[in-house]
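Notes follow once the structure below has been shown.
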Number of protein chains: 8
Amino acid sequence: MQWHVYLSGEIHTDWRQQIIDGCKAAYLPVTFTSAVTNHEASDAAGDFLGPDSGGFWRDHKSSKVNGIRTKNLIEKCDVAVVRFGDKYKQWNAAFDAGYCAALGKPYVTLHDEDIIHPLKEVDASAMAWATTPAQVVDLLKYVIEA
Amino acid sequence: MQWHVYLSGEIHTDWRQQIIDGCKAAYLPVTFTSAVTNHEASDAAGDFLGPDSGGFWRDHKSSKVNGIRTKNLIEKCDVAVVRFGDKYKQWNAAFDAGYCAALGKPYVTLHDEDIIHPLKEVDASAMAWATTPAQVVDLLKYVIEA
Amino acid sequence: MQWHVYLSGEIHTDWRQQIIDGCKAAYLPVTFTSAVTNHEASDAAGDFLGPDSGGFWRDHKSSKVNGIRTKNLIEKCDVAVVRFGDKYKQWNAAFDAGYCAALGKPYVTLHDEDIIHPLKEVDASAMAWATTPAQVVDLLKYVIEA
Amino acid sequence: MQWHVYLSGEIHTDWRQQIIDGCKAAYLPVTFTSAVTNHEASDAAGDFLGPDSGGFWRDHKSSKVNGIRTKNLIEKCDVAVVRFGDKYKQWNAAFDAGYCAALGKPYVTLHDEDIIHPLKEVDASAMAWATTPAQVVDLLKYVIEA
Amino acid sequence: MQWHVYLSGEIHTDWRQQIIDGCKAAYLPVTFTSAVTNHEASDAAGDFLGPDSGGFWRDHKSSKVNGIRTKNLIEKCDVAVVRFGDKYKQWNAAFDAGYCAALGKPYVTLHDEDIIHPLKEVDASAMAWATTPAQVVDLLKYVIEA
Amino acid sequence: MQWHVYLSGEIHTDWRQQIIDGCKAAYLPVTFTSAVTNHEASDAAGDFLGPDSGGFWRDHKSSKVNGIRTKNLIEKCDVAVVRFGDKYKQWNAAFDAGYCAALGKPYVTLHDEDIIHPLKEVDASAMAWATTPAQVVDLLKYVIEA
Amino acid sequence: MQWHVYLSGEIHTDWRQQIIDGCKAAYLPVTFTSAVTNHEASDAAGDFLGPDSGGFWRDHKSSKVNGIRTKNLIEKCDVAVVRFGDKYKQWNAAFDAGYCAALGKPYVTLHDEDIIHPLKEVDASAMAWATTPAQVVDLLKYVIEA
Amino acid sequence: MQWHVYLSGEIHTDWRQQIIDGCKAAYLPVTFTSAVTNHEASDAAGDFLGPDSGGFWRDHKSSKVNGIRTKNLIEKCDVAVVRFGDKYKQWNAAFDAGYCAALGKPYVTLHDEDIIHPLKEVDASAMAWATTPAQVVDLLKYVIEA
């Protein structure tokens, strides 16, 4: 069985690549998906569409275009990894976690110890909490191959 | 028809009370529900249960106890209002929004203009964005009585 | 058992009132709901919210506010009546019919004979086609009381 | 991942072909599906079946046969494109949009600016609004490959 | 808690009345519902609607009108009783049983021993098989009050 | 796209083979499935299991074993064909139709004109009614290839 | 809001009564439901039905009759309490927990510390673990009234 | 069609291997899945994650990691076999059975005659009860190939 893993959240460090590389090195049968992680491209996702607009509506249009992708990929994944970094609001990551929770889709959080408290509701519905990408790789290795 | 409105998010200002008062003044047939909004009580929600524990597991235990309440109230509401203030991470509010989105439960966001960009995914699935509690009251009045 | 009937579609004739009056005269245990049928109010449903905008985004904002109401009422109804008149596009009525069909919610169409052909997909998923409000009253009387 | 795109609506211009050609030129992994677009064949879909009948029942029989196809293809697609042209009632397109909305299936509308107002409810549940087939190709390219 | 019991099937004997009387005598908090059991009225349920037609389409029209009632009542019941007598095809009763089975709605069959074999698939998804209305009353008494 | 067609009902004539042959001759991309159609094998499906038993419980045990197969195949099919012959009770066929109806799974009935009336509820939820296997082949050809 | 609490599991101590009394003393708006807790009555639940039988089939018949009650009550509850004592297999309690988990119905386990290990899968999907009825009362008080 | 069979429960005898070998010998198109059956590995599934902890929380962490695997595999299987041996509590097996029951996923139990009574609720929702692995192989052979 091929496993589908959705990688949600922070886009400023290489945690996605570390997980992908670790799983490849372990020859795990995993396919990774993700939202568009190029920040500028993502913000501009709707710019080529419809009427000129700025501010709220530009964001609105782009987010809905991005939603076509993320909604499909989350609903098709077997497990999601939701990453919270030490900067920015990252409400989209918490939103994805809530979306997974309501669908009954298992997810794992990946974040440092110093944000345990503000993430307690997100962690409460998660199947695991990891602090390093290597732990996520170990978890996937165990879950898939043990 | 009685409408059930779930009030999610920020607990440091009186936005909930303003909405409740506004709807009462308008004689709207609305019942309001909410997570426990007493911060200390909420953090200690699981303290009377099971083995001693600290850190992650204290938060975990309390969040799951709180989840019995929030899960039930969100699933029973007709519309949710999700409030983001200017402080704190408020990931639980974004989590609730994602949960609503996946259930197909309509929700309205309530936040200032300066956080439009980080909330764009949360707003993209919302039915409306308001900046003041009075707007939420007007919206409920229209939706329920117009 | 109280029956909940959602009345969708055309707003320029008094078909809703005829059905309501007919059911009242027959003492049927029916509650009627509907989208906001005041055209100007419905178009302006979102005007009090968020940033200034015109054209597409004004319509967008208002339609989503209206959607909070219609989505709730359709999902709570036991049967919907979807009315198509001889004027205007009335795509919202066909949209409501498709929404009902996907939910497995029974609906009845109400329209003249000269638009049978363009409504064939809408009628194909309907439980009945009526041409007069009186027929709808008779149908409800039979379904509820026979 | 192969993407499944359902093309709904207007059958009198070559918009479907333009989208298909554009995606092929971009080597996108997309499979397109659609209702039967031959108008006469579609109207006659049920003629070989059951009792002789005319008028309403001929349309009814054919539409239900067509429904076996459209229901299956819509439920299996990842995203639908719903096209409204400048002629005819096109209630079936709005019906498909409502069907998608209730299923939580993302869809994009494709129509000119002059019918924004009558399509406001249909657009309110859409993930994007495009005015040209080329925009739809760009959107699919972004959503699938970015 | 009030229990809702749907009584499906045979209309030529007084089994419904026996169950209703038995439950009333036991003061059980039960509400009974049923399809329209007047055979002529049921066959004519759609006669006042739409185009003239005979044979297949008359039956079709009437059955769909009846379906508005039966679909609602079955989906709202807590348990169904499906009765098969010794005459007629009674395919509608078996259809109701299949409908209940797919919904996960518990049902009880009520039939004589000599039709066990042809009813084996219907009984296989039932929660119980009774041979007399009195047994059904006993079952309801136990289930509700024990 | 490969289509999955479930063939339910009568096992005493070669209607299944006619449909299979017709689709093969037309090179349709169809996979056919069915309950076990060997009557004796089906009746004995549970004989090798559990405690000795006769009468009701033998049928019960066998029907539940058969149900593992039929439940899976019905839930995986794209369309079902439900055949009623001129003999026997065939309640299992009507049960399958009800099961399909509740799942929103499209089905086609196949039966002669003289049993239209007793099958009216089954036909009312069907997408089409055919009287010959050749019509079913034509329908599948149209639905899949037109 | 009235809360519905289902009490599942062990029937040899008075834990149910302690919880009910505690909630009554606290004036909580709670309705309690439960399987039939009279052991002999429960074992004999199907004895008045159908053919004579012993061993497996007697248990089978009774358990299905009991299932009409438990299935309805579990699906209608807001939260379940699942109690494991120090004797017997109590597989029905674990079965109820799995049933709740799959439905997304919150449940709390109630058991001593010495059976933590064999209950780890049951606890992993629970929202809380309590060791005394008084803790359950405290939990309900907090969840409902805090 | 490839069948997916989930093997749940007892890990101290070779019943899994017997079923796998039997199906292989019969050339059945079956894929088998299972929870991690190495007891020590399973108990330690979460040891590499998060903060140090012992007792309840070590079990909790490991069980949730295991749940990522079991939840996915159960939801993807076509039929489950749930085995109860003569030792240990095996509440996880009963939990899996309840989970399957709520999902409408067919399952077969495999256990000796002397535990019929405590398993009566688990058996009541099962599609079959077998006492030997060879019977399960026969059942799969029949269900898949007959």
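Just so it is clear, the structure is predicted and the values come from calculations on it, not from any experiment. Quick note on labels: first sequence line is chain A, next is B, and so on, each numbered from 1.
If you measure heavy-atom distances from C:Ile116 to chain E, you find no contacts under 4.5 Å at all.
Within the 4.5 Å cutoff, no side-chain heavy atoms of E:Leu49 are placed close to those of C:Val108. Contact of the E:Lys76 side chain with the C:Met1 side chain is registered, since non-hydrogen atoms from C-beta on lie closer than 4.5 Å.
Closest heavy-atom contact between E:Phe48 and C:Gln135: O-NE2, 2.8 Å. Scanning both residues, C:Asp78 and E:Asn72, for their nearest heavy atoms gives O-ND2, 3.0 Å.
When each of C:Asp138, C:Thr132, C:Thr131 is checked for heavy-atom pairs under 4.5 Å with chain E, C:Asp138 comes out on top. Most heavy-atom pairs under 4.5 Å with chain C: of the set E:Ala45, E:Ala35, E:Ser63, this distinction falls to E:Ala45. With chain C as the partner, the residue from E:Thr31, E:Asn66, E:Asn38, E:Thr70 showing the most heavy-atom pairs under 4.5 Å is E:Asn66.
The line from OH of C:Tyr142 to CZ of E:Arg69 is 7.5 Å long, rounded to the nearest 0.5 Å.
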